[in-house]
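One structure below.
Per chain, numbering begins at 1; letters A, B, ... match sequence-line order. Note that the structure is predicted; figures quoted are calculated from it, not measured.
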Amino acid sequence: MCGRFTQISSGREVHAVMGLDGPEVDLRPRYNIAPSQNAAVVRNDAGGRQLSMLRWGLIPTWAKKPDIGNRLINARAETAAEKPSFRAAFSQRRCIVPADGFYEWRRECAVRQPWYVTTRGGEPMAFAGLWEHWRVPEVAGLQGSLADCQPNDIVETFTILTTGANGAMQSIHHRMPVILSPEAIRPWLAGEEVELGSAAEDLLMMHRVSRHMNNPRHDGPECIVALEAP
DNA sequence: CCAGACGTTGTT
DNA sequence: GTCTGG
DNA sequence: CCAGACGTTGTT
DNA sequence: GTCTGG
């Protein structure tokens with residue numbers, strides 16, 4: 001699956017790799033993006049291919065309360081086109097989530113050991129994602145990072161598609177995010193049919209990291225530093 | 001007809 | 001155990 | 001995903 | 001909103 005990830009590359013790098021239109025945007029490097037936080041996503045709009053900050057955890061339009069978004073941080077690529085929560089977004093509201101790496105946990109002895117997964121070449125990845133919009137109800141009273149929302153505000157949210165793990169990833173976990181090839185970015189955003197299987201076998205590398213990053217408040221470069229071999 | 005769910009993950 | 005917050 | 005809370009009362 | 005279960 002994918003429950004944490006990083007966005008470290010600069011706005012300039014993301015602009016180039018994702019083929020964005022419009023001006024370059026400044027991005028703060030993020031080493032530990034957790035569900036419910038905002039992250040940069042790429043979408044097509046009237047002005048072309050644009051970067052926006054959306055909340056991670058898809059809230060369907062019909063939801064009366066936003067808490068379902070806490071659980072819809074991933075969507076299975078095998079079924080997202082049919083599921084009521086994702087179907088509309090799958091056909092109408094696709095996005096790319098640029099990422100430099102992601103975390104997976106593996107049970108090792110008694111502990112859940114986090115690993116950091118990134119590309120061998122260091123190039124950013126393009127996760128396949130879906131986005132949705134949700135209208136804050138009249139009787140809101142929302143908590144947490146949505147507490148500042150007013151009734152009828154529109155909250156934009158996203159989810160990351162997952163697929164079966166392949167290659168070295170299988171030794172860590174049985175699911176992984178859908179990583180689009182550079183050629184698949186345009187057709188995915190255009191709503192065309194795209195192969196949503198696993199990435200190339202040799203695309204990724206991975207290492208253990210400190211459980212420091214378990215705490216979502218920790219968001220510095222120390223999160224991705226490799227542990228000494230055990 | 002209305003009521004209630006609508007999802008993924010991991011773990012058992 | 002389960003939910004909320006990050 | 002993990003971390004941390006999970007409650008009531010009375011008093012300020 | 002739309003589908004399933006009763």
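The list of salt bridge (Lys or Arg N to Asp or Glu O under 4.0 Å) pairs with a residue in residues 82-95 of chain A, not counting sequence neighbours, reads A:R93-A:E132. For the side-chain hydrogen bond (donor to acceptor under 3.5 Å, both in side chains) condition, the pairs that include at least one residue of residues 37-47 of chain A, sequence neighbours left out, are A:R30-A:Q37, A:R43-A:S52, A:R43-A:E156.
Rounded to whole Å, atom P of B:dA5 lies 11 Å from atom CH2 of A:W62. Computed from coordinates, the A:R211 CZ to D:dC1 C1' distance equals 14 Å when rounded to whole Å. Remark: C1' of B:dC6 and NZ of A:K64 are 11 Å apart, rounded to the nearest angstrom. One can place CZ of A:F127 at 16 Å from C1' of B:dT8, the figure rounded to the nearest angstrom. Remark: P of B:dC6 and CG of A:L72 are 11 Å apart, rounded to the nearest angstrom. Distance A:H212 NE2 to D:dC1 C1': 16 Å, rounded to the nearest Å. If you measure from atom CH2 of A:W115 to atom P of D:dC2, you get 16 Å, rounded to the nearest angstrom. A:R175 has its CZ atom 13 Å from the P atom of D:dC1, to the nearest Å.
Residues A:C2 and A:S85 both approach DNA chain B. Their nearest nucleotides, taken by heavy-atom distance, put A:S85 toward the 5′ side. Of the residues near DNA chain B, A:W105 and A:P84, the one whose nearest nucleotide (by heavy atom distance) lies more toward the 5' end is A:P84.
Under a 3.5 Å cut-off, the side chain of A:T159 and the backbone N or O of A:N74 do form a donor-acceptor pair. With A:D100 contributing its side chain and A:P124 its backbone, the two residues share no donor-acceptor pair below 3.5 Å. Although no hydrogens or angles enter the test, the distance criterion places no donor-acceptor pair under 3.5 Å between the side chain of A:W115 and the main chain of A:I172.
Under the 4.0 Å criterion applied to side-chain N and carboxylate O atoms, A:R28 and A:D219 are assigned as salt-bridge partners. Between A:E192 and A:R186 there is a salt bridge, with a side-chain nitrogen of the basic residue lying less than 4.0 Å from a carboxylate oxygen of the acidic one.
Counting non-hydrogen atoms under 4.0 angstrom, A:H218 reaches nothing in the nucleic acid. Among the protein residues, A:R4 comes within range of the nucleic acid bases, having at least one heavy atom under 4.0 Å from a base atom. If you check every strand for non-hydrogen atoms under 4.0 Å, A:Y103 touches nothing. Using a 4.0 Å heavy-atom criterion, one finds that A:R112 contacts the sugar-phosphate atoms exclusively.
In DNA chain C, consecutive stretches of 3 or more Watson-Crick or G-U wobble pairs with both distances under 3.5 Å are given as paired ranges: C:1-6 with D:1-6.
Look at the P atom in both B:dA3 and D:dC6: the space between them is 34 Å, to the nearest Å. When the C1' atom is compared between B:dT11 and E:dG1, the two are found 33 Å apart, to the nearest whole Å. As rounded to the nearest Å, D:dG7 and B:dG4 have C1' atoms that lie 31 Å from one another. Between D:dT9 and B:dC1, the two P atoms lie 45 Å apart (nearest whole Å).
With B:dT9, D:dC1, B:dC6 as the candidates, the nucleotide lying closest to the side chain of A:T162 is B:dT9.
The shortest non-hydrogen separation linking A:P98 to A:A40 is CD-O, 3.3 Å.
The side chain of A:R87 contributes no N or O atom lying less than 4.0 Å from OP1 or OP2 of B:dC6. In this structure, A:N215 does not reach the D:dC2 phosphate: none of its side-chain N or O atoms is under 4.0 Å from OP1 or OP2.
The ring-ring contact (aromatic ring centres under 6.0 Å, His included) test applied to A:W188 returns A:F90, not counting sequence neighbours. Under the rule for a salt bridge (Lys or Arg N to Asp or Glu O under 4.0 Å), A:R107 has no partner lying at least two apart in sequence or in another chain.
Linking Ile, Leu, Val, Met, Phe, Trp and Tyr residues whenever their side-chain heavy atoms come within less than 4.5 Å places A:M176 and A:F5 in a single cluster.
Scanning DNA chain C 5' to 3' for nucleotides with an atom closer than 4.0 angstrom to a non-hydrogen atom of chain A gives a first and last hit of C:dG5 to C:dG6.
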